[in-house]
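Structure record follows, encoded as C-alpha cells.
Naming convention: chains lettered A, B, ... in sequence-line order (proteins, then strands); numbering from 1 in each chain.
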Amino acid sequence: MPTFYLTTAIDYVNSRPHLGTAYEKIAADVIARYKRLAGFDTHFVMGNDEHSQNVFRRARELGEEPLAYCDRMAVEFTEVWRSLDVSLDDFIRTTEPRHRTGVQELVRRMTAAGDIYEGHYEGWYCVSCEAFKQEKDLVEGLCPIHRTRPDWLREKNYFFRLSKYRDALLAHFEAHPDFLVPEIRRNEILRLLESGLDDISVSRAGQAWGIAMPEDPASVIYVWVDALINYITAVGYGTDPAAFERHWPADLHVIGKDITRFHCVIWPAMLMSAGLALPRQVFGHGWLHLKGEKMSKSLGTIVDPLEAAQRFGPDPLRLYLTKEITFGSDGDFTWDRYEDRYNVDLANNLGNLVSRVGAMAEKYRDGVVRPGGASDGRLAETAREAAGSYAHQMDAFALERGAAAAFRIVDAANEYIAGTEPWALARDASHADRLSQVLFDVAESVRVAAVLLLPIIPRSAAEILRRVGHTGDVQDVRLRDADWRGQGERRILKGDALWPRIVAAEGARNEVPVSRPAIVAGGAGRQERQRNHPVEQQNGSGDAASAAPAAAQEAAPAAPAPAAGNAQITIDDVMKLDLRVAKVLTAEKVPNSRKLVKLSVDVGSEQRTLVAGIAEAYEPDTLVGRTIVMVFNLKPAKLMGIESNGMVLAASPDGGTPTLVGFEGEVPPGTRVR
RNA sequence: GCCGGUGUAGCUCAGUUGGUUAGAGCACGCGGCUCAUAUCCGCGUUGUCCGGGGUUCAAGUCCCUGCACCGGCACCA
C-alpha cells in the first residue's frame, strides 16, 4: 500500500488556537482523509512548538512551570482538534524526549558535515523585549517600545552554513517545479535564492528553555531550528529507524504562506547538510481573514467560530472552509456568508435531499429500494463525471473544486426528482418499476456524493451513508466505492433533519436602535473599507506594544454613501465604524454659522479638530471638559472652511435638538466604543 | 526603493494553453411541483471583464502604460 505522510505547522502555545490555525488543520485533515480514501497508508502529524521564549515568559507570568503550562496547552489544542474531527495520527511536542534526541542527532550530523561553526552575534539588546534591536529601530538610542537604553550584547552563537546550499536549493527548485505550491510562493522563494543567502544563527546563549547544543550545554538550539526538526522526530528520526525509514520523506508539509522561507530554504538545507531526503512538497496556504472577528468579543450573543463548530458540529465549518475558499488564496469568513452556505448547501440542498429520499423510500417502498428496470442512466453519468473530476481536483489540492464536484451530484439528484416526479409515478401502479428505478438511482447518487464528501464532512457523510443503506465500517470505504452501483437492495432510513435551517439570525442582527445616532457633523461619506484582520499570525512576537494600534489606520477614500433608507445592515458594516471616546478640550462657535461648533478633542493618542452641528443645543463653554463619542475613522470634510476630522454622536430626533451621547461613569479618552 | 499579486453581475467569487451570445452561488422577479428542512425545479433581469494604448482574423485572457487595493524583499526570525 502506498504511504502518504503529511504534516501541518506546529503551533506556538502562547495563546489558544483560533480559527486561523483551525483553518490550516482542517484543510490538512481534508487532504489526509482524502488520501486515506484514495487508498494511501496515511500518516498525519500535528504538534505544538513549545520552546519559544514567549511561552517561557507567558508561563512565568501565570506563575506556572513552563512545562506544566505546555502540558495544559497541549490538552487544550488537542481537544480543539478533536472537536473539529481532525484525524491526526500523532501529535508531537517539542519538549518530548523523542524530539530532543532527534534534534540533537540532526545537529550533530550537520556539525559533522562541517556546516555548523562558532561565531558571535552582537548588537543592541533590549532586556524588556528580550530581543536584539537594529540600530535604525532605536529612537534617540532608546528602545522605541520600552524607552530604555538597550545593552550592547555580544554572545557566542553557532551558525549554519546556509549560504553553502544556495545553488543546491536552486537546482532542487529547478528539478522539482511542484516542490513549493502555489506558484506565487515558489516565485518569491526563487527570487530570494537568486539574491543570495546568508548563514544563520542557530543557537542562543544564556537561555535555559530549549534544547541544548550537543557539545555545548550553555547554548540552546534556536527555536525555529528546533521546531522544523519535528517533521522527522515525529516519525522516529534518532529514536526509531524503522519508522523513519517507512515515513520519511514527507509527502506534504501544509503551512501558512508566511513561513515558506523556513520550510523551503532553511529546512531543506538542514536536511541536505545531514544527508537526508527532502520533503516532496510544501503547500503554502493563504490566510483566513475574519471580518466579523470583533463582533464576537463585543456582543455576547454572537459566538466564536470554534464554538459554532461545537454547536452545529464541525461539518458546516469544515465545508465552508474547504468549499468557499480557493485553497492557496486568502479567504474570508463572515457570519452572513457562513449562514448562507449552511442554509444553501447543507440545509436546502444536501440535507433536504437526504430527507426527501428517506421520506419517499418509506412512503412508497416501505424503506427498501431496489432497481426496477432500465435506468435512463443520467444520474449514473453525472456521478461518474463528478467522481472523476473530484479525484483529479483533490489530487491537485484544489479542495474547493473537489467539494464543488461532489455537490454537482446533489444538484443533479434534486433536479432529477423534480423531472421524474416520483409522487406522480406513485399514483399509477403501472409505473411501479419506473418509480423503483428512480428511487434507486437517487439513493445511489446520494451514496456516491456521501463517499466523496467523507473527507470534508466526515461525520455527516457517514450518517448519510448509513441512511442510504451502507452497512459496515465507514473507515473501510474507499474512493472506488464512489463507482456507480446499479444493483443491490438498499434499506433507506428516515431520520431527523441533518441541518435544520437557520431561520432568522439570532442576537443583535435584527435589533433596531430606539434612537438612531445621526450625523450631526460634517463628513460626506461613510468609510467603506475595513481593515482586514488576519487571524493567522504564526509567530509569537505579538507583544502588545508591537501590535499596530488601530489608530494607525489611514483614511481610505470614501465611497459615496448610499442612500441608506431603512435597509438593514449587517454587523460587519457596524464594525467598520471606529467609534472612540474623546474629551473636549476647547469649543468655539463657528463664525457666520447657525449650528456649527468647532471642537478640539483629546482622543488619547492624539488631538483632533471636529466640527459639530450642535450649537443650537449646547453653548460652547458647556462642552469643554465633556466626554463625548466620536466616529474616529470618518473621512475628513470641510465645513465653513474648517476641516473636521471625525463626527460627534448625538441622539437627533427629527426637528428636535440633539443630545450628546455620554457615559454613566468615567471613561478614558481613546477607548473604543462598540 | 526593488519585486509580485489582485481589480469580472448588487454581494462573494470562478474563468485552465487567446476562439462562438462572459459564468456559478447568493440576492431580486415570474412560473411550476408537493416527496422534502417555507425546502425543490424551471425561466428571467443585472456586466464600459479598473482606465488608456497596442499585438491579432479573434483579447477578460498576451504586451505597454496609468489608477486603486494587497503582499514579499530591502530591515530580524
Side-chain angles (χ1 to χ4, degrees), chain A residues 52-53 121 123 129 131-137 182-192 194-195 198 200-202 204 222-225 227 257-262 266 286-287 289 291 323-326 329-334 336-364 396 398 400-401 404 407-408 410-426 435 438-439 442 494-503 528-529 531-532 534 538-541 554 556-557 559 562 567 570 572:
Chain A
S52 144
Q53 283 302 297
Y121 189 91
C129 295
F132 282 96
K133 295 283 165 183
Q134 296 291 320
E135 184 82 47
K136 62 177 236 349
D137 288 337
E183 201 178 357
I184 176 176
R185 303 298 149 215
R186 171 185 157 84
N187 292 338
E188 280 173 14
I189 296 299
L190 276 175
R191 280 197 302 280
L192 181 82
E194 282 156 7
S195 67
D198 294 326
I200 57 166
S201 165
V202 294
R204 291 290 183 273
Y222 179 55
V223 62
W224 254 108
V225 171
K257 66 179 183 179
D258 53 330
I259 52 175
T260 51
R261 282 179 58 178
F262 293 93
I266 297 174
W287 280 338
H289 297 279
K291 273 202 183 135
K323 185 163 179 274
E324 291 307 301
I325 297 169
T326 302
S329 303
D330 287 356
D332 196 24
F333 182 95
T334 67
D336 270 351
R337 240 182 120 200
Y338 180 63
E339 288 187 4
D340 191 37
R341 298 325 306 171
Y342 173 95
N343 275 340
V344 173
D345 288 331
L346 294 175
N348 294 354
N349 290 348
L350 180 56
N352 185 50
L353 175 65
V354 172
S355 272
R356 59 203 308 212
V357 167
M360 286 191 288
E362 180 167 292
K363 190 164 185 174
Y364 303 136
E400 69 288 351
R401 294 183 182 205
F407 271 86
R408 280 206 294 278
V410 175
D411 290 341
N414 274 322
E415 286 167 31
Y416 192 73
I417 292 170
T420 53
E421 300 190 339
W423 49 92
L425 297 174
L435 175 58
V438 166
L439 293 179
V442 170
K494 252 179 100 165
D496 292 339
L498 261 30
W499 300 281
R501 263 183 78 84
I502 301 172
V503 183
E528 277 296 313
R529 236 186 89 252
R531 189 189 174 92
N532 281 326
Q538 278 288 346
N539 60 44
S541 64
E554 71 233 341
T570 67
D572 294 36

Quickly work out the [X] [atom1] to [N] [atom2] distance and round it to whole Å.
{"X": "A:Lys257", "N": "B:G4", "atom1": "NZ", "atom2": "C1'", "answer": "12 Å"}
{"X": "A:Asp411", "N": "B:U39", "atom1": "CG", "atom2": "P", "answer": "16 Å"}
{"X": "A:Leu192", "N": "B:C2", "atom1": "CG", "atom2": "C1'", "answer": "14 Å"}
{"X": "A:Phe333", "N": "B:U12", "atom1": "CZ", "atom2": "P", "answer": "16 Å"}
{"X": "A:Glu339", "N": "B:U12", "atom1": "CD", "atom2": "P", "answer": "17 Å"}
{"X": "A:Glu324", "N": "B:A24", "atom1": "CD", "atom2": "P", "answer": "16 Å"}
{"X": "A:Arg185", "N": "B:G71", "atom1": "CZ", "atom2": "P", "answer": "11 Å"}
{"X": "A:Ile189", "N": "B:G71", "atom1": "CD1", "atom2": "C1'", "answer": "14 Å"}

Given side chains that start at C-beta, do those of [X] and [Y] come closer than 4.5 Å, heavy atoms only?
{"X": "A:Tyr342", "Y": "A:Pro500", "value": "yes"}
{"X": "A:Leu498", "Y": "A:Leu346", "value": "no"}
{"X": "A:Leu439", "Y": "A:Val357", "value": "no"}

* **Contact pattern, 5' to 3', of nucleotides 26-31 of chain B - B, S or - by protein heavy atom under 4.0 Å** => S-----
* Side-chain N or O of A:Arg401 closer than 4.0 Å to phosphate OP1/OP2 of B:G15 ->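 Yes, A:Arg401 has a side-chain N/O under 4.0 Å of OP1/OP2 on B:G15.
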* To do: Considering just the side-chain nitrogens and oxygens of A:Thr326, establish if one lies under 4.0 Å of OP1 or OP2 belonging to B:C13.
  =>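 For B:C13, OP1/OP2 do not have a side-chain N/O of A:Thr326 under 4.0 Å.
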Measuring only the [atom1] atom in each nucleotide, how far is [N] from [M]? A whole number of Å is fine.
{"N": "B:G10", "M": "B:G47", "atom1": "C1'", "value": "11 Å"}
{"N": "B:C41", "M": "B:C35", "atom1": "C1'", "value": "13 Å"}
{"N": "B:G60", "M": "B:A14", "atom1": "C1'", "value": "12 Å"}
{"N": "B:C50", "M": "B:U61", "atom1": "C1'", "value": "16 Å"}
{"N": "B:C13", "M": "B:U20", "atom1": "P", "value": "26 Å"}
{"N": "B:C70", "M": "B:A24", "atom1": "C1'", "value": "25 Å"}
{"N": "B:U8", "M": "B:U48", "atom1": "C1'", "value": "12 Å"}
{"N": "B:G53", "M": "B:G15", "atom1": "C1'", "value": "25 Å"}

* Asked: Out of B:G42, B:C33, B:U12, which has the shortest distance to the side chain of A:Arg337?
  ->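 The answer is B:U12.
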* Start with the C-alpha distance between A:Ile266 and A:Arg261, add both sets of side-chain angles, then the distance that settles side chain to side chain contact (heavy atoms under 4.5 Å, CB included), and finish with yes or no. => CA-CA 7 Å; A:Ile266 297 174; A:Arg261 282 179 58 178; 5.9 Å; no
Any strand counts, and the cut-off is 3.5 Å on both contacts for Watson-Crick or G-U wobble. Which nucleotide pairs with [N]?
{"N": "B:C13", "answer": "B:G23"}
{"N": "B:G47", "answer": "none"}
{"N": "B:G4", "answer": "B:C70"}
{"N": "B:U61", "answer": "none"}
{"N": "B:A77", "answer": "none"}
{"N": "B:G31", "answer": "B:C41"}

* To do: Kindly give the heavy-atom pair with the smallest separation between A:Asp332 and A:Arg337, and that separation in Å.
  =>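 Nearest pair, atom of A:Asp332 first, then A:Arg337: O-NH1, 4.0 Å.
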* Asked: Minimum heavy-atom separation for A:Asp411 to A:Asn349, with atom names?
  -> OD1-ND2, 3.8 Å
* Taking the inter-plane angle between the rings of A:Phe333 and A:Tyr338 on a 0 to 90° scale, is it parallel (under 30°), tilted (30 to 60°) or perpendicular (over 60°)? ->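 Rings of A:Phe333 and A:Tyr338: tilted, as their planes differ by 30° to 60°.
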Check nucleotides 36-38 of chain B against the protein and report each pair of N or O atoms closer than 3.5 Å, with its distance, or say if there are none.
from	atom 1	to	atom 2	distance (Å)
B:A36	O2'	A:Asn352	OD1	2.4
B:A36	N1	A:Arg356	NH2	3.4
B:A36	N3	A:Asn352	ND2	3.2
B:A36	N3	A:Arg356	NE	3.2
B:U37	O2	A:Trp499	O	3.0
B:U37	O2	A:Arg501	N	3.1
B:U37	N3	A:Trp499	O	2.6
B:U37	O4	A:Gly351	O	3.3
B:U37	O4	A:Trp499	N	3.4

* Relative to the 5' end of RNA chain B, which residue comes earlier, A:Gly419 or A:Arg261, by the nucleotide with the nearest heavy atom? ->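 Looking at the nearest nucleotide for each, A:Gly419 comes out on the 5' side.
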* To do: Return the 5'-most residue of the pair A:Tyr222, A:Ser329 with respect to RNA chain B, ranking by each residue's nearest nucleotide.
  => A:Ser329
* With side chain to side chain contact (heavy atoms under 4.5 Å, CB included) as the test, would you mind laying out the steps for A:Ile417 and A:Met360 before giving the verdict? => CA-CA 11 Å; A:Ile417 292 170; A:Met360 286 191 288; 4.0 Å; yes
* Asked: Which of these passes side chain to side chain contact (heavy atoms under 4.5 Å, CB included) with A:Asn414: A:Asn348, A:Leu353, A:Val442?
  ->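 Exactly one candidate clears the test, A:Leu353.
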* Contact class for A:Ser201 vs. all strands (heavy atom < 4.0 Å): base, sugar-phosphate, or nothing? -> nothing
* Taking the side chain from A:Tyr364 and the backbone from A:Ala359, do they hold a donor-acceptor pair closer than 3.5 Å? ->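 Not at all, since once roles are kept as given, no pair shorter than 3.5 Å links the two residues.
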* To do: Given side chain to side chain contact (heavy atoms under 4.5 Å, CB included), test A:Asp345 with A:Trp499 step by step and report yes or no.
  => CA-CA 10 Å; A:Asp345 288 331; A:Trp499 300 281; over 6 Å; no
* When you look at A:Lys257 and A:Asp330, which way does the side chain to side chain contact (heavy atoms under 4.5 Å, CB included) test go after all the steps? -> CA-CA 9 Å; A:Lys257 66 179 183 179; A:Asp330 287 356; 3.0 Å; yes
